[in-house]
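In what follows, every heavy atom counts, from backbone to side chain, and hydrogens, waters and symmetry copies are set aside. Every chain is numbered from 1, with letters handed out A, B, ... down the list of sequences.
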Amino acid sequence: MKVRTRFAPSPTGYLHIGGVRTALFNWLFARQHGGEFLLRIDDTDAERNVSAALQPILHGFEWLGIDWDEGPTKDGTSSTGPHAPYFQSQRGDKYRAAAEKLLASGHAYRDYADPAEIVKLREAAEKAKQNFVYPRDWAEHPSLPENAGRIAEAKAAGRQAVVRLFMPREGTLVIDDLIRGQVEFQWANESDHVIQRADGTCLYHLASVVDDYDMQISHVIRAEEHLSNTPRQIFIAQSLGYELPRYAHLPYVAEPGSKTKLSKRKLPKYLLNKDFAAVNDHGKKIGLAIKDAEKRIDQAIVQILEDIPNEFLDEPDCISLLKEIVVKAQFAALDKSKSVFTTEFTLQMTRQILEILDNENYARSYIKSIKNASKIYDLIDETFNPVIVDFYEQVGYLPHAIVNYLLLLGWSFDDKTEYFTQEEMIKGFSLERVNKAPASFDPKKLMSFQEHYFAELPAKKKTPRMIDYLKRAGLLPEKTECSTGPEVTKIIEAAGDRLKVYGDILNFSEFFVSDEALPVNAEELTKTFAKPGARDLLAAFRHELAKIEAFEVGPLETALKAFVDARGVKVGELIHPLRLALCGKTVGMGLYDTLAILGKERCLARIDLMLSKQTA
RNA sequence: GGCCCCAUCGUCUAGCGGUUAGGACACUGGCCUUUCACGCCGGUAACACGAGUUCGAUUCUCGUUGGGGUCACCA
């Protein structure tokens, strides 16, 4: 039998890191067996613009190199493949036909029960700590002629029926899972599930089983949360006379440092997670620079705080109360609008407020001061969150680093192999070696893969993407000259390992701004020039520098060393003021590289600028 | 709560009856160094607990505890 696997995303507008792993394992398995991997769109409940919401997902897969043989076209507007369409919203007829078939064979029934009644019964069962057995009092089924009377009445009253599965009430089902092994279920514990709504539309389980069969899926590799759903799906498949696919249930991906499943609903919360925060801050810095959003400040905080009366700030409990308000506001905003925009908005505000509130005294004065402020709060991007794949593309990760990391999240080849080429992954993958326990996502380890692969990439290959970032941050004009490429490459080479992602080039903005516009770190400035003689030393070296003909790393180093030796000072005494004058900060690449790249003219100009500021 | 799943360093994992319990990330001490980063050398750190089976259990069985999933006219 030909191996055919599938991944079935719903068009949510973004690609979740856990989903990617599931898709990756499906893809790997198919590729390894020379089979096919398909994408099927779970949009049975979609009212929104599917192709727009699908586009980021398809783009994410494309970026990661996970290609699909059948499914939606790349623009997400139509289907391509022998089993088209691959959108569940367009396959309703097939599901309805299957439902009819189940009805005809007695494997399903029309149910005229009142939904409100069912809810009550279910709650009662839970209260009584008992398994809820679905009552078939309103079931229209040949084996239950006693219901005929009341059903006739219900029909006459115009009550609508749903279609429910007529599940077995005895026996054991053993699922032979490729990852879990044999898992047993008692049929009696399975409830009569609804497969078709009163309005005739069909539900996920029916759709999924029908599609898997129709599309000849051989292996259903999916997240563990579906394990409990498998019995009813098997019942549907068997009742329809389908041959069963093999099942493999993957452990879910958990939050960093936790065993809790990563979930879309908690997206904003993740930025408060300390393991995500570092990675996110790094990314945010890049994101902010890209959008040239120095101005974006805490409008959200202002909004909340403006409503707070001043007297409130004198209350002893005001800080803890504010903390509560913030958390509530976050979730209220979440409920009100499902848009990520809102969640991003509130989470930014939450973080900032919580940071401020850590210091009570500061908080009081800050709140008071900001109450009068009015600033613009801009958003980076609605998908700017380290749980979403797009984040990594925006910040400038290598897709292979992500794929390699995800491969090892719940799977291992042996006790030491960590780095895999795509071919090695495909060759070495096996479901048998998939772990059963959930694995928590560690952004730091992902970063280590990124560093590894990024270091392997020659500077010249990084140049075009880095130029893109510089353009987007406004550090290079939209139309750059041909000579810019080699110049940027030189900077990339000199920066070396300091560049971990493409976006990191923005940390070296000093090479792209005018001498006058160079931002200078105020704190470092005060500290450095507070030292006696710092300014004079810099001034003296400026004259030395002016004499140098060959402005290159070697001669520069010789000259600087000779200068400090002659003066009997330590290298560091000169270097700090010099670096500050040239770069406006005290961290960065080698100083001789900096001098050489900047060139004599700009170096002298920047030193003069610094000296002129320090004379007073 | 019913049902199901899971359990090795902080994290990802190796281990499939006898190992000084191995590797990676993170953390950390040192070296290198004008800063930062890299690199190099070193260190801390784990078998959830309790019974069995066995000459011997991290490994097999059962139980306890803990974690998680799932129980929709969502997917």
So that I can tick it off, tell me whether [Y] and [X] are bridged by a salt bridge, with the cut-off set at under 4.0 angstrom between side-chain N and carboxylate O.
{"X": "A/Arg40", "Y": "A/Asp212", "value": "yes"}
{"X": "A/Asp593", "Y": "A/Lys490", "value": "no"}
{"X": "A/Glu573", "Y": "A/Arg567", "value": "no"}
{"X": "A/Lys462", "Y": "A/Glu456", "value": "no"}
{"X": "A/Glu524", "Y": "A/Arg579", "value": "no"}
{"X": "A/Glu557", "Y": "A/Lys561", "value": "yes"}
{"X": "A/Asp214", "Y": "A/Arg91", "value": "yes"}

Integer angstrom distance from the [atom1] of [N] to that of [M]:
{"N": "B/rA21", "M": "B/rA45", "atom1": "P", "value": "13 Å"}
{"N": "B/rG39", "M": "B/rU33", "atom1": "C1'", "value": "11 Å"}
{"N": "B/rU61", "M": "B/rC27", "atom1": "C1'", "value": "39 Å"}
{"N": "B/rC60", "M": "B/rG15", "atom1": "C1'", "value": "15 Å"}
{"N": "B/rU58", "M": "B/rU8", "atom1": "C1'", "value": "7 Å"}
{"N": "B/rC49", "M": "B/rG66", "atom1": "P", "value": "15 Å"}
{"N": "B/rG69", "M": "B/rU59", "atom1": "C1'", "value": "26 Å"}
{"N": "B/rG23", "M": "B/rU44", "atom1": "P", "value": "12 Å"}

*Please figure out whether A/Tyr405 or A/Glu190 has its closest RNA chain B nucleotide nearer the 5' end.*
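Comparing both residues, the 5'-ward one is A/Glu190.
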
*More 5' along RNA chain B: A/Tyr592 or A/Tyr204, using each one's nearest nucleotide?*
A/Tyr592

Please report the distance, rounded to the nearest Å, between [atom1] in [X] and [atom2] in [N].
{"X": "A/Leu227", "N": "B/rG68", "atom1": "CG", "atom2": "C1'", "answer": "12 Å"}
{"X": "A/His226", "N": "B/rC71", "atom1": "NE2", "atom2": "C1'", "answer": "14 Å"}
{"X": "A/Tyr252", "N": "B/rC4", "atom1": "OH", "atom2": "P", "answer": "18 Å"}
{"X": "A/Asp177", "N": "B/rG69", "atom1": "CG", "atom2": "P", "answer": "18 Å"}

*When you get a sec, tell me which of B/rU34, B/rA75, B/rC3 is the closest nucleotide to the side chain of A/Phe185?*
B/rC3

Can you tell me the pairing partner of [N] across any strand shown, Watson-Crick or G-U wobble, with both distances under 3.5 angstrom?
{"N": "B/rA24", "answer": "B/rU11"}
{"N": "B/rG1", "answer": "B/rC71"}
{"N": "B/rC49", "answer": "B/rG63"}
{"N": "B/rG39", "answer": "B/rC31"}
{"N": "B/rC16", "answer": "none"}

Polar pairs (N or O, both sides) under 3.5 Å between protein and nucleotides 18-28 of chain B?
residue: B/rG22; atom: N2; partner: A/Asp415; partner atom: O; Å: 3.4
residue: B/rA24; atom: O2'; partner: A/Glu418; partner atom: OE1; Å: 2.5
residue: B/rA24; atom: O2'; partner: A/Lys445; partner atom: NZ; Å: 3.4
residue: B/rA24; atom: N3; partner: A/Lys445; partner atom: NZ; Å: 2.8

_Side chain A/His205 and base B/rA75 donor-acceptor under 3.5 Å_ = yes

_What I want to check is whether an N or O donor and acceptor connect the side chain of A/Arg180 with the base of B/rC5 at under 3.5 Å._
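No pair found.
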
*Check A/Leu499 against A/Phe454 and note the closest heavy-atom contact, atom names and distance.*
O-CD2, 3.2 Å

